[in-house]
Protein chains: 2
Amino acid sequence: MNLKDLSNILGLSQTTVSRALNGYPEVSEATRLKVQEVARAHNYSPNARAKRLATGRSMTIGHILPVSKKHEMVNPVFADFIAGAGEVYSENGYDLLLSVVDDENEAESYRSLAMRGAVDGIVVHGPKVDDARIALLQDLDMPFVVHGRSSHVKSDYSWVDVNNRRAFERATGFLMDLGHNRIAMLNGLADMDFAVRRTIGYEAALKAGNIVPDPELMCFGEMTENYGFEVCRKLLELPDPPTAMVVSSIIPAIGVRRALGGAGLKIGRDMSVVSHDDDLSYFRNTGDFPAFTAVRSSVREAGRRVASALINMITGREEGPHQEMLEVELTVGQSTGPAPAMRRAMQQR
Amino acid sequence: MNLKDLSNILGLSQTTVSRALNGYPEVSEATRLKVQEVARAHNYSPNARAKRLATGRSMTIGHILPVSKKHEMVNPVFADFIAGAGEVYSENGYDLLLSVVDDENEAESYRSLAMRGAVDGIVVHGPKVDDARIALLQDLDMPFVVHGRSSHVKSDYSWVDVNNRRAFERATGFLMDLGHNRIAMLNGLADMDFAVRRTIGYEAALKAGNIVPDPELMCFGEMTENYGFEVCRKLLELPDPPTAMVVSSIIPAIGVRRALGGAGLKIGRDMSVVSHDDDLSYFRNTGDFPAFTAVRSSVREAGRRVASALINMITGREEGPHQEMLEVELTVGQSTGPAPAMRRAMQQR
DNA sequence: TGTGTTTATCAAAGCGCTTTGAATAAATCA
DNA sequence: TGATTTATTCAAAGCGCTTTGATAAACACA
C-alpha cells in the first residue's frame with residue numbers, strides 16, 4: 001500500500017492525500033477526515049525512504065559510539081544518555097542512527113555520515129580537551145551539540161555540560177570540612193575535558209584550604225571497576241596514605257570499596273569516598289542514606305537536553321549556539337565520615 | 001556534488017558512473033579507474049537517501065531499546081551488545097537504527113519500523129518466556145534474530161542464545177561440590193526467558209544432589225545493584241540463612257557484596273557467590289584470581305553473532321532459521337569458598 | 001563479406017514521496 | 001450581473017540514485 005494505491009482507492013490525487021495526511025491547510029476538513037480514515041483502514045504508512053528523498057531531510061540524528069581499540073571499553077554512561085535522548089527523538093519523529101566505530105577512525109565516520117546525507121544532526125560524545133571533531137563538524141556544516149565541552153576549542157559551538165569544576169570543588173571541600181587533608185583524586189583519562197575541569201575544581205578546593213595538591217594522589221585512567229581497585233591498593237601502600245578520595249564515577253568507586261574490603265578497611269570509616277554519580281539506572285545510589293556520598297547529575301536528563309537543543313537548531317526554532325550548564329547536587333551517604341584526627345577528638349569529649 | 005554533476009564532469013552517463021562506482025562488470029577497467037579517481041578528487045559520496053529509495057533497501061538494522069516505564073531501567077548489557085553488533089554492521093555497510101521506547105508501546109514501534117520501510121531487519125532484545133514480538137515480526141515478514149529465546153513460542157525463528165540452563169546448573173553444582181546445601185538464587189524478572197532457563201538449571205543441580213528447592217531462597221527482580229543488596233539483607237535475616245548464592249549478573253552481585261560488608265560478613269568466606277558474568281567492558285572480572293567466581297559469556301561476541309546472522313538472512317546468504325547456542329565458561333574467583341561445615345572439617349585435620 | 005557475439009556505453013524509466021504551479025469550483029464583492 | 005477572491009483539487013516535475021532495454025562499436029567466425 002503506497003500513496004498511489006491509496007489515492008486511487010480514494011479517487012483523489014496524490015497531492016491531496018499527501019497534504020491531508022501531513023496536516024496542510026489547503027485541504028477541506030471533510031476530505032481530510034475521509035483520507036485519514038481510509039489510510040488507517042488500510043494501515044498505510046508513508047515510505048520513509050521516499051519521504052526522506054523528497055523532503056531532503058533524513059529525520060535522523062547520528063550518535064557515534066567510539067570504542068577504544070585498546071581496552072574495548074564502552075562508555076557505561078552511554079546507554080542512559082541514549083535513553084534520554086531517544087525519548088525526545090521519538091516525540092519529535094526523529095530516528096537515531098548509532099555508529100559504532102573504533103576511536104582511531106572516528107573522524108572518517110563523521111565525514112561519511114555528513115556527506116552521505118544520512119543524518120540531519122550529530123551528537124558529540126566524550127569531548128577531549130582539544131577536540132578536533134568540533135572543527136570538523138563546523139567545516140562540514142553539520143548541526144551538532146556536544147555533550148560536554150572542549151576547553152581548548154575557542155570557537156562558538158553548542159554544548160550541554162555538567163559543572164564538573166564545581167562538582168569536584170564541592171566534593172573536595174566537603175571532605176576537607178570533615179577534617180581530611182590527604183585527599184586523593186581518581187579521575188578519568190587525562191585528555192578528557194571533564195577530567196581536566198574536575199582536576200581544576202579539586203585543586204581549587206585544596207588551595208582554598210592551603211593544601212598543596214600532591215601529584216602522587218592524583219590519578220588518571222579509564223574508569224573501570226578494576227581501575228578503582230588497583231589505584232586504591234597502590235594508594236594504601238603509600239608511606240602517608242590518603243584518608244579520603246574523590247572519584248570520577250561510581251564504577252571505580254565500587255573498585256575502591258573492594259580494595260578497602262580486601263585490606264580489612266571500611267569505606268566511610270577508614271576511608272572517605274565522594275563519587276561523581278551519573279545516576280545510572282542499574283545503579284541507583286539513592287534512598288535515605290545511599291551507599292555513596294556523591295555529587296549527582298542525571299545523564300539521562302543531559303540526553304534529553306542535548307536532543308532537544310539539537311532538534312531546535314535543525315528546525316530553526318533556536319538561533320545561535322545553545323550552551324547549557326547543569327549543576328550537580330551533593331548527597332551525603334555512607335561512604336564518608338570524619339577524618340581520623342577529628343574522630344579521635346570527638347571520642348575524647 | 002551529486003551523480004549528475006560528477007557524470008557531467010567526466011563526460012559519461014550517470015549509468016556508467018554509477019556502475020563504475022558500484023563495481024559492476026559492464027564497465028571497462030580504464031573508465032572505472034578514471035571514475036574512481038575523479039570521484040575521490042571531488043570527494044563524492046552517493047546520497048544515502050536516494051540510494052535507499054532506488055534500491056528499495058534501507059541498509060539499516062533496527063534495535064529497539066525498551067525502557068521500563070516504572071523503573072526507568074536500561075539494560076546495562078545493551079551498550080556492550082551494540083558495540084559487538086555495530087562492528088559487524090560497519091564492516092558490511094549497514095547502519096544501526098536505535099529506537100528507544102517505553103516497554104508498553106513496544107509493539108507499535110516494531111510495526112512502524114517495518115511499515116515505513118526504515119529497516120531491513122530487526123534484533124529482538126530481552127525476550128520474555130512468551131514473547132509476542134516474534135509472532136508480530138513473522139507476521140510483518142520482517143527478518144529478525146532474537147538475542148535469547150522464547151520458551152513458549154513454538155514456531156521456528158532465528159536466535160543466538162547463551163546456554164542459561166547449563167550455566168546455572170554448573171554454578172549451582174560448583175557450590176554444592178564445595179559443600180553448600182542452602183543455596184539461594186538471585187534471578188532476573190520472572191517473565192524473562194533467561195530467568196526461567198536459569199531457574200531450571202538451578203533446580204536441576206539441586207535435585208541431582210537430593211536437595212529440594214526452597215522457594216524462600218529463590219528471588220526474582222530487576223537486576224540492579226540495589227536489588228542484590230536488599231535481597232541479600234533479607235536472606236541474612238532468615239532463621240536458616242543460605243551459605244551460598246547464584247546471582248544472575250555481576251551488578252546485583254556487587255549489591256550482595258555490599259550487604260555482606262554491612263553485616264560484617266565477608267564474601268567468599270561467610271557467603272559464597274557465583275555470578276553470571278556478561279563480561280561488561282567497564283567491569284572486567286578477570287585476572288588470575290578475579291573478584292567473582294562466575295560463569296562467563298561475552299555479550300559483545302553475542303552481538304557480533306546476532307548481527308552477522310541477521311545480515312546473512314537479509315542478503316540470502318543463509319537459508320532457514322539460524323539457531324546458535326553459546327556456552328559459558330566457569331572461572332573460579334575470590335567470591336567462593338567451602339561451606340562452613342566443610343571448613344570446620346578441614347580445620348580439625 | 002556478412003552474420004552473430006561480446007563489450008562498453010547511454011537514454012530513460014522508476015523508486016514513492018513532496019511541492020510547485022495551474023485549474024476548477026465556490027464564495028464574495030462591487 | 002460580471003469581476004475578483006478564496007477554497008479545493010489536480011497534473012506534473014523533482015529529489016538523486018539504480019536498473020532496464022536499446023544502441024553502437026569492436027571483435028570473432030565462417
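Chain A is the first sequence line, chain B the second, and so forth, proteins listed ahead of strands; every chain is numbered from 1. Quick note: numbers below take in every heavy atom, side chains included, and nothing from hydrogens, waters or symmetry partners.
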Checklist entry - Counting only N and O atoms by type, is there a donor-acceptor contact under 3.5 Å from the side chain of B/Ser7 to the main-chain atoms of B/Leu3? => result yes
Item to check | Any side-chain heavy-atom pair of B/Arg52 and B/Thr60 under 4.5 Å | outcome: yes
Next on the checklist: So, OP1 or OP2 of D/dT9: does either fall under 4.0 Å of a side-chain N or O from A/Thr16?
Outcome noted: no
Give me, pair by pair, the N or O atoms of the protein and of nucleotides 13-17 of chain D that are less than 3.5 Å apart, along with how far apart they are.
unit_1 : atom_1 : unit_2  : atom_2 : d
D/dC17 : OP1    : B/Tyr44 : OH     : 3.4
D/dC17 : OP1    : B/Asn47 : N      : 3.4
D/dC17 : OP2    : B/Leu3  : N      : 2.6
D/dC17 : O5'    : B/Tyr44 : OH     : 3.2

Checklist entry - Considering only heavy atoms from C-beta outward, does the side chain of B/Pro143 approach that of B/Leu310 to under 4.5 Å? => result yes
Protein and nucleotides 20-23 of chain D: nitrogen or oxygen contacts under 3.5 angstrom:
none

Next on the checklist: Within the 4.0 Å heavy-atom criterion, would you say B/Gly11 contacts the bases, only the backbone, or no part of the nucleic acid?
Outcome noted: sugar-phosphate
Next on the checklist: Side chains of B/Asp193 and B/Ser151 only: does a donor on one sit below 3.5 Å from an acceptor on the other?
Outcome noted: yes
Checklist entry - Just one of A/Arg133, A/Lys128, A/Arg111 clears the salt bridge (charged side-chain N to carboxylate O under 4.0 Å, His left out) bar with A/Glu106, so which one? => result A/Arg133
Checklist entry - Counting only non-hydrogen atoms, which of residues 23-37 of chain B are less than 4.0 Å from DNA chain C? => result B/Glu26, B/Ser28, B/Thr31
Next on the checklist: Under a 3.5 Å distance rule, please check whether A/Ser45 uses its side chain to pair with a backbone N or O of B/Arg116 as donor and acceptor.
Outcome noted: no
Item to check | Check ion pair A/Arg32-A/Glu29 (N to O, under 4.0 angstrom) | outcome: yes
Checklist entry - If every non-hydrogen atom of B/Asn92 is compared with every non-hydrogen atom of B/Arg317, which pair is closest and at what distance? => result OD1-NH2, 4.0 Å
Checklist entry - Roughly how far apart are A/Ile82 CD1 and A/Arg300 CZ, rounded to 0.5 Å? => result 11.5 Å
Next on the checklist: Rounded to whole Å, how long is the line connecting atom CG of B/Leu10 with atom P of C/dA8?
Outcome noted: 17 Å
Checklist entry - Salt bridge between B/Arg304 and B/Glu301, side-chain N to carboxylate O under 4.0 Å? => result yes
